[in-house]
Amino acid sequence: EVQLVESGGGLVQAGGSLRLSCAVSGFEGLDIAVGWFRQAPGKVRESVSCLNTNDGSMWFEDVVKGRFTASTDGARNTFYLLMDNLKPEDSAVYYCAVDRIPCVYNGKMVPDLWFDHWGQGTQVTVSS
């Protein structure tokens with residue numbers, strides 16, 4: 001059974017930092033996409049970042065580029081989204097997702113519908 005457990009969300013002031021974690025079990029292999037998405041109240045879920053475990057390549061949406069980065073532990077069981085210089089508009093529930101798919105298709109990050117395995121979400125709130 002594939003399980004993704006997220007942690008690390010919380011309340012932070014604008015300009016602050018948070019590190020989200022996504023612990024994955026039951027899903028192994030190469031060429032895995034680890035996607036990060038977020039959903040604010042009343043808005044559709046949007047893509048944030050994607051890490052390809054095969055070559056370590058990363059994708060970041062323009063709204064977070066230069067402020068967020070992604071990483072993994074050595075065993076590739078836990079994946080991180082490091083968020084710096086947070087803004088109030090970054091407030092949302094953040095989700096991680098994994099699947100054996102590419103991170104990028106037709107020049108864009110693959111959509112959330114391509115991922116079959118999801119974490120429970122973690123709330124990030126950035127105060128102004």
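The shown structure was predicted, so the numbers you read here are calculated from the model rather than taken from an experiment. Values below: all heavy atoms of this structure, side chains included; hydrogens, waters and symmetry mates excluded.
Note on L18 and L11: separate hydrophobic clusters, where clusters join Ile, Leu, Val, Met, Phe, Trp and Tyr whose side-chain heavy atoms are under 4.5 Å apart, directly or indirectly. Cluster membership check: V34 shares its hydrophobic cluster with V2, using side-chain heavy-atom separations under 4.5 Å among Ile, Leu, Val, Met, Phe, Trp and Tyr.
Every residue meeting the side chain to side chain donor-acceptor pair (under 3.5 Å) condition with K65, not counting sequence neighbours, appears here in chain and number order: D62. With sequence neighbours excluded, the residues forming a side chain to side chain donor-acceptor pair (under 3.5 Å) with T125 are Q123, listed by chain and number. Here D55 pairs with N52, S57 under the side chain to side chain contact (heavy atoms under 4.5 Å, CB included) rule; sequence neighbours left out. In terms of the side chain to side chain contact (heavy atoms under 4.5 Å, CB included) criterion, residue partners of P88 (sequence neighbours excluded) are, by chain and number, A14, V126, S128. Under the side chain to side chain donor-acceptor pair (under 3.5 Å) criterion, R19 pairs with no residue at all, not counting sequence neighbours. Every residue meeting the side chain to side chain contact (heavy atoms under 4.5 Å, CB included) condition with A23, not counting sequence neighbours, appears here in chain and number order: T78. When the side chain to side chain contact (heavy atoms under 4.5 Å, CB included) test is applied to N77, the partners found at least two apart in sequence or on another chain are D73, A75. With sequence neighbours excluded, no residue forms a side chain to side chain donor-acceptor pair (under 3.5 Å) with Q120.
When every heavy atom of A33 is checked against every heavy atom of I101, the shortest pair comes out as CB-O, 3.2 Å. L82 and S71 make their closest contact through CD1-OG, 3.5 Å (heavy atoms, listed as atom of the first residue, atom of the second, distance). The two residues L86 and V12 have their closest heavy-atom pair at CD1-CG1, 3.6 Å. The two residues S49 and M109 have their closest heavy-atom pair at O-CE, 3.0 Å. Here the closest heavy-atom approach between residue S17 and residue D84 is recorded as OG-OD1, 2.8 Å.
Across L20, V124, D90, V93, a single residue satisfies side-chain contact (heavy atoms from CB on, under 4.5 Å) together with R38, and that is D90.
Note on residues 102-120: pairs passing salt bridge (charged side-chain N to carboxylate O under 4.0 Å, His left out), not counting sequence neighbours, are R45-D112. Screening residues 76-99 for ring-ring contact (aromatic ring centres under 6.0 Å, His included), with sequence neighbours left out, gives no hits. Judged as a ring-ring contact (aromatic ring centres under 6.0 Å, His included), the pairs with a partner in residues 33-73 (not counting sequence neighbours) are, in order, F37-F115, F37-W118.
For the atom pair CD (E6) and SG (C22), the distance works out to 5.5 Å, reported to the nearest 0.5 Å. M58 contributes atom CE, which lies 10.0 Å from atom SG of C103 (distance to the nearest 0.5 angstrom).
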- Message: Using side-chain contact (heavy atoms from CB on, under 4.5 Å), reason through V64 and M83 one step at a time and then give a plain yes or no.
- Response: CA-CA 8 Å; V64 302; M83 308 183 294; over 6 Å; no

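Through direct or relayed side-chain contacts under 4.5 Å between Ile, Leu, Val, Met, Phe, Trp and Tyr, V5 connects to no other residue.
Side-chain contact check for T72 versus T53: every heavy-atom pair is 4.5 Å or farther apart. When side chains are defined from C-beta on, L81 does not count as touching C96, because their heavy atoms never get closer than 4.5 Å.
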